[in-house]
Amino acid sequence: MTYQYWHQDIETMPRPELEALQLTRLRDMIAYSLRTSFYAPRLHAAGIKGPEDLKTLDDLKRIPFTTKDDLRAGFPYGFLSIPKEEVIRLHASSGTTGIPTTIYFNREDLHHWTSYVARCIYGTGCNHTDVFQNMITYGLFTGGLGFHAGGEEVGMLVIPSGSGNTTRQFRLMQDFGTTVVHATPSFLLHVESIMRAEGVKRDSLKLKRAFAGAEPYSEDTRRRIEGLLHIDVYNSYGLSEMNGPGVAFECQCKDGLHLWEDGYIAEIINPDTLEPVRDGETGELVLTILCREATPILRYRTRDLTGFYTEPCACGRTHRRIRRITGRSDDMLIINGVNVFPSQVEEVIMAMKEVGNNYLIEIEKDGVLDRLTVKTEVGPATFMDDSRLLNALKERIRKTLQASITINPRVELHESGSLPVSEGKAKRVYDKRPKDV
Ligand code: ADP
Ligand code: ZN
């Protein structure tokens, strides 16, 4: 395979050079951080009075972690490091887990962000001849404008369709010959269900690729989307605190996400001991941004769980790869004392062909015990009136789930397309247990 690089010199830069670049940029970020009301006292307390106090990359460890709560406490301007008049854009996180946090950009910062997204897009084999439909929420959420700018930078024709309105999405795809889309994996699955229901022929579309991210999904879900839509799906990872999309992305090898180390310093820690994990082990990703003057963020605890690959990638890029993110450390559910990650449920369900494209998890109190119900849609080939077949399927899902999560769930089957779909990130877990118990 021939691989294409957007910034070949940087993407394949030998590691010693890459690390030297990181140190130069980190020092710049320290200079900007010292101008913020949040970091100035923290850095002084750590004995860092200026950029020159960071002699090696290892000195980063002298700086305490920054958490989402810190960012919220610093709202609105605690992390702003340049005069407000020089800011040209702000974005905020989706607020999946509480009050959103705000990030500011100057012109140069936006330019950097755009170039990282362009690098990701181009690295999957796209170029200026592609037609790119950005089927994700625009607005404060970074996925819309971030991918929009990156697509334009590559020179593709960008259709700012936004998310939702599936019928209109098909029309746009057909009218303009869309070759690549960006969406959440749950929305892609929904698009496929509607496509089937509305009788849209695959041949009427020119679709070749999709970028799927903003929420966790399993390898089985990727394969399912690829198989149903006959496209290549690339995993896209980012978070608003680190600009948004463009932090880590799969190359054409589709085996791990290259994390752009000229833009971010990545550490993976044990979330309990806060010590670094051994290379290859799973832990919480901690990120330091290197190219954002308006809002520097140092050692940010993402709560996202992943691990580094230890082998280099066949594509020749030297930036390390992280594994598919299985979820956040705070996604973990404790059901009757057993730890369960929603991703474990997804893995079981999406690997079963008879199961449809959507599912959700409900937990309720039943006396003193917790009761887990997994609701899934059935595939289009399964008829809802064949009760023997349905009962057998239910039983098979129940048993497979129990073997994986050790809890005996109730399983409900629903008609294809009948479970709720959200336009942004999928809401899969409904924890209905009283909060104080
Ligand atoms: P919020 O934290 O409110 O959801 P963001 O929009 O910044 O706001 O979302 C970033 C988060 O989305 C990441 O920290 C991660 O948990 C999740 N995420 C983004 N991309 C992926 C992906 N490809 N795989 C798994 N999770 C992802
Ligand atoms: Zn690669």
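Order of listing sets the numbers, starting from 1, for every ligand and every atom in it. Positions are given from 1 along the sequence. Everything quoted here is computed from the prediction, not taken from an experiment.
- A salt bridge does not link Glu250 with Arg321: none of the charged nitrogens is closer than 4.0 Å to a carboxylate oxygen.
- Residue-ligand proximity, Lys68 to ligand 1, at heavy-atom distances under 4.0 Å covers atoms 2 (O).
- Side-chain contact annotation: Glu226 with His230, donor-acceptor N/O pair under 3.5 Å absent.
- Counting the atoms of ligand 1 from 1 in the order shown, those under 4.0 Å from a heavy atom of Ser236 are 20 (N), 21 (C), 22 (C), 23 (N).
- Remark: Arg119 engages Asp262 in a salt bridge, criterion side-chain N to carboxylate O under 4.0 Å.
- Partner Glu284 forms a salt bridge (Lys or Arg N to Asp or Glu O under 4.0 Å) with one of Arg328, Arg301, Arg303 and no other, that one being Arg301.
- Annotation: side-chain contact (heavy atoms from CB on, under 4.5 Å) contacts of Val355 (sequence neighbours excluded): Arg224, Ile349, Met352, Thr376, Ile397.
- Near Asn235, with a cut-off below 4.0 Å to any heavy atom, the atoms of ligand 1 are 22 (C), 23 (N).
- Between Arg278 and Glu281 a salt bridge is recorded (basic side-chain N to carboxylate O distance below 4.0 Å).
- Residue contacts with ligand 1 leave out Arg303, since none of its heavy atoms falls under 4.0 Å from the ligand.
- The residue Arg324 has no part lying near ligand 1, judged by heavy-atom distances below 4.0 Å.
- Every residue two or more places apart in sequence or in another chain that forms a side-chain contact (heavy atoms from CB on, under 4.5 Å) with Ala183 is listed here: Met135, Phe187, Leu188.
- Considering backbone and side-chain atoms alike, Lys425 places an N or O below 3.5 Å from some N or O of ligand 1.
- With a 4.0 Å cut-off on non-hydrogen atoms, Ile325 touches ligand 1 through its backbone as well as its side chain.
- For the Zn ion (ligand 2), the nearby protein N/O/S atoms, meaning those under 2.8 Å, are Cys251 SG, His258 NE2, Cys313 SG, Cys315 SG.
- With ligand atoms numbered from 1 in the order given, ligand 1 contributes 10 (C), 13 (C), 19 (C), 20 (N) to contacts under 4.0 Å with heavy atoms of Gly238.
- The two residues Arg323 and Thr282 come nearest to each other via the heavy atoms NH2-OG1, 2.7 Å.
- Ion pairing of Asp69 with Arg72 is present here, as a side-chain N (NZ or NE/NH1/NH2) and a carboxylate O approach within less than 4.0 Å.
- Donor-acceptor pairing under 3.5 Å is recorded for the side chains of Tyr138 and Asn134.
- Every atom of ligand 1 with a heavy atom of Phe141 under 4.0 Å away is listed here by number and element: 6 (O).
- The distance from ligand 1 to the heavy atoms of Gly213 drops below 4.0 Å at these ligand atoms: 23 (N).
- With sequence neighbours excluded, the residues forming a side-chain contact (heavy atoms from CB on, under 4.5 Å) with Pro83 are Glu85, Glu86, listed by chain and number.
- Contact annotation for Arg328 and ligand 1: only side-chain heavy atoms (C-beta onward) come within less than 4.0 Å of the ligand.
- For ligand 1, the atoms lying closer than 4.0 Å to a non-hydrogen atom of Ser240 are 7 (O).
- For the residue pair Arg292 / Asn243, a side-chain donor-acceptor distance below 3.5 Å is found, with atom types taken as modelled.
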